[in-house]
Amino acid sequence: MKLAILSREPKLYSTKRLVEAAELRGHEAIVVDHLRCNLVLEKGKPGIIYQGEPLTDFDAVIPRIGASVTFYGTAVVRQFEMMKVRTAVDSQAIVRSRDKLRSMQILARAGVGMPKTAFTNYSDEVPQMIEQVGGAPVIIKLLEGTQGLGVVLAETAKAAQSVIEAFHNLKARIIVQEFIAESKGADLRAFVVNGEVVGAMKRQGKEGEFRSNLHRGGTGQLVKLSRAEKAAALLATKALGLDIAGVDMLQSKRGPLVLEVNSSPGLEGIEKATGLDIAGKIIEYTEELTKRKGKGKPKKAKGKSKAPDTQSDVAAF
């Protein structure tokens with residue numbers, strides 16, 4: 001099998017692990033910088049030129065598209081799809097997951113539990129918006145933020161109003177979210193591949209830090225998810241149409257609450273915390289994709305997910 005791994009940096013842990021896992025199974029894995037791809041659009045002959053040569057004869061693509069280059073990265077994935085090359089993550093699913101507001105609308109409609117969330121463009125109604133999510137303290141998030149950047153904890157209504165008004169004055173789009181105190185600066189990351197949770201870890205923020213992101217100094221450790229937590233992760237990925245994803249959840253008094261679904265989740269934290277070969281699971285799934293070429297996506301294992309079929313509705317979003 002000839003694989004293209006779309007990544008801007010071959011030396012990143014996740015990229016190297018995918019190459020290693022593919023080669024261990026006898027496949028050829030080529031790292032392609034999606035920002036250096038030229039897309040050729042012609043009736044019946046879509047093509048991609050990379051380093052002066054056409055990219056041809058690939059069996060499958062594994063996208064590793066960073067949030068800051070979603071527009072062009074997903075255009076490259078879409079071009080491969082037009083060339084009838086299997087993609088481990090659909091281009092449209094990546095687009096859905098990257099828009100925080102859009103993805104939360106989809107998740108809410110699918111019945112996924114999440115913290116109360118509010119969005120507005122009208123600064124005059126900020127106090128009402130704070131009350132709509134349960135009052136202070138509240139979490140304020142930039143819609144374009146990643147890895148914990150652009151996330152603010154406002155401990156009082158006055159502080160929240162000041163932060164929201166400041167963001168609005170900068171024309172920044174934000175959401176205001178309920179603060180789940182009982183999570184105590186920790187969250188869960190469930191790694192899902194083809195309708196199955198293949199690994200999970202609990203991430204704990206460093207002392208005094210409400211964000212648990214590993215990039216912010218948090219730590220990860222192996223955890224066994226409850227049945228409800230697994231169901232929430234699977235329902236969230238199914239709703240967004242993602243076959244590979246990292247689902248971030250908070251443990252709350254009313255059950256698991258999904259914060260975000262990441263379409264290009266990092267492998268380093270989850271593999272080191274769990275000791276599992278997550279990269280190998282991704283390659284195995286990609287093998288299934290190519291074996292069923294022309295016959296649709298691989299069937300998910302029976303009993304793995306009882307999530308309702310939301311795919312027909314998702315297209316409208």
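What's counted below: heavy atoms across the whole structure, side chains too, no hydrogens, waters or symmetry copies. What you see is a predicted model; the values in this text were computed from it and never measured.
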Checking L143 against F119 for the side chain to side chain contact (heavy atoms under 4.5 Å, CB included) test, could you report, in this order, the C-alpha distance in whole Å, the side-chain angles of both residues, the deciding distance, and whether it holds? CA-CA 10 Å; L143 285 177; F119 173 79; 3.8 Å; yes

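- Taking 4.5 Å as the limit, some side-chain heavy atom of H27 sits within range of a side-chain heavy atom of E287.
- Using a 4.0 Å cut-off between charged side-chain N and carboxylate O, R17 and E20 make a salt bridge.
- Taking every heavy atom of both residues into account, A232 and P256 meet most closely at CB-CG, 4.0 Å.
- Listed for the E268 side chain is no donor-acceptor partner under 3.5 Å among the backbone atoms of S14.
- Distance check: I62 CD1 to Y285 OH gives 10.5 Å after rounding to the nearest 0.5 Å.
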If you apply the rule side chain to side chain contact (heavy atoms under 4.5 Å, CB included), what do you find for I174 with H168, and how did you get there? CA-CA 8 Å; I174 60 167; H168 280 173; 4.1 Å; yes

Stepwise, does the side chain to side chain contact (heavy atoms under 4.5 Å, CB included) test hold for R109 with Q105? CA-CA 6 Å; R109 184 177 59 180; Q105 289 174 319; over 6 Å; no

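- M83 CE to L55 CG: the interatomic distance, rounded to the nearest 0.5 Å, is 6.5 Å.
- A salt bridge links R25 with D277; the closest basic N to acidic carboxylate O contact falls under 4.0 Å.
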Evaluate side chain to side chain contact (heavy atoms under 4.5 Å, CB included) for S103 paired with L240, printing each intermediate quantity in order. CA-CA 7 Å; S103 63; L240 292 172; 4.0 Å; yes

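- When side chains are defined from C-beta on, R102 counts as touching R96, because their heavy atoms get closer than 4.5 Å.
- In this structure the side chain of L235 never reaches within 4.5 angstrom of the side chain of V258, judged on heavy atoms.
- Under a 3.5 Å cut-off, the side chain of Q79 and the backbone N or O of I48 do not form any donor-acceptor pair.
- Within the model, atoms OG1 of T70 and CG of D99 stand 10.0 Å from one another, a figure rounded to the nearest 0.5 Å.
- Put simply, the residue from D90, V89, V85 that forms a side-chain contact (heavy atoms from CB on, under 4.5 Å) with T87 is D90.
- Here the side chains of T74 and R98 are not in contact, with every heavy-atom distance at 4.5 Å or above.
- Closest approach of A186 and K202 over heavy atoms only: CB-CE, 3.8 Å.
- For K16 and E271, the salt-bridge test fails: no basic side-chain N is under 4.0 Å from an acidic carboxylate O.
- In this structure, V40 is not a member of the same hydrophobic cluster as V32, with clusters built from ILVMFWY side-chain heavy atoms closer than 4.5 Å.
- Using a 4.5 Å cut-off on side-chain heavy atoms (C-beta onward), E260 and K100 make contact.
- Atom CE of residue M249 and atom CG of residue L225 lie 5.0 Å apart, to the nearest 0.5 angstrom.
- Counting only distance, with no hydrogens or angles, the side chain of Y13 and the backbone of G269 share no donor-acceptor pair below 3.5 Å.
- The minimum heavy-atom distance linking R189 with I270 is given by the pair O-CD1, 4.1 Å.
- Only one option out of I139, L250, I180 pairs with L259 in a side-chain contact (heavy atoms from CB on, under 4.5 Å); it is L250.
- Taking a 6.0 Å sphere around CD of E9, one finds it holds more than 12 heavy atoms contributed by other residues, nucleotides or ligands.
- Hydrophobic clustering (ILVMFWY, side-chain heavy atoms < 4.5 Å, transitive): I175 and L257 are in distinct clusters.
- With a 4.5 Å cut-off on side-chain heavy atoms, K291 and E288 do not count as touching.
- Cluster annotation: L6 and I49 are assigned to distinct hydrophobic clusters (Ile/Leu/Val/Met/Phe/Trp/Tyr, side-chain heavy-atom contacts under 4.5 Å, transitive).
- Going from atom NZ of K116 over to atom CE of M114 covers 13.5 Å, rounded to the nearest 0.5 Å.
- Of the possible donor and acceptor atoms, none in the side chain of Q177 sits under 3.5 Å from a partner among the backbone N and O of K141.
- Minimum heavy-atom separation, V197 to A233: CG2-CB, 4.4 Å.
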When you look at Q204 and Q221, which way does the side-chain hydrogen bond (donor to acceptor under 3.5 Å, both in side chains) test go after all the steps? CA-CA 9 Å; Q204 180 67 57; Q221 64 181 41; over 6 Å; no

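- A donor-acceptor distance shorter than 3.5 angstrom exists from the side chain of R64 to the backbone of P265, with no hydrogens or angles considered.
- Under the 4.5 Å side-chain contact rule for hydrophobic residues, Y72 and I5 share a cluster.
- Linking ILVMFWY residues whenever their side-chain heavy atoms come closer than 4.5 Å, directly or via other members, places I65 and L35 in the same cluster.
- Side-chain atoms of S263 never come within 3.5 Å of backbone atoms of V261 as a donor-acceptor pair (strictly under, hydrogens ignored).
- Contact check for L39 versus V76: side-chain heavy atoms found under the 4.5 Å cut-off.
- Counting heavy atoms of neighbouring residues, nucleotides and ligands inside a 6.0 Å radius, atom CZ of R254 exceeds 12 of them.
- L267 and F191 make their closest contact through CD2-CZ, 3.5 Å (heavy atoms, listed as atom of the first residue, atom of the second, distance).
- F58 contributes atom CZ, which lies 7.0 Å from atom CD of E28 (distance to the nearest 0.5 angstrom).
- Side-chain atoms of K230 do not come within 3.5 Å of backbone N or O of A190 as any donor-acceptor pair.
- Nearest heavy-atom pair across A88 and I244 is CB-CD1, 3.7 Å.
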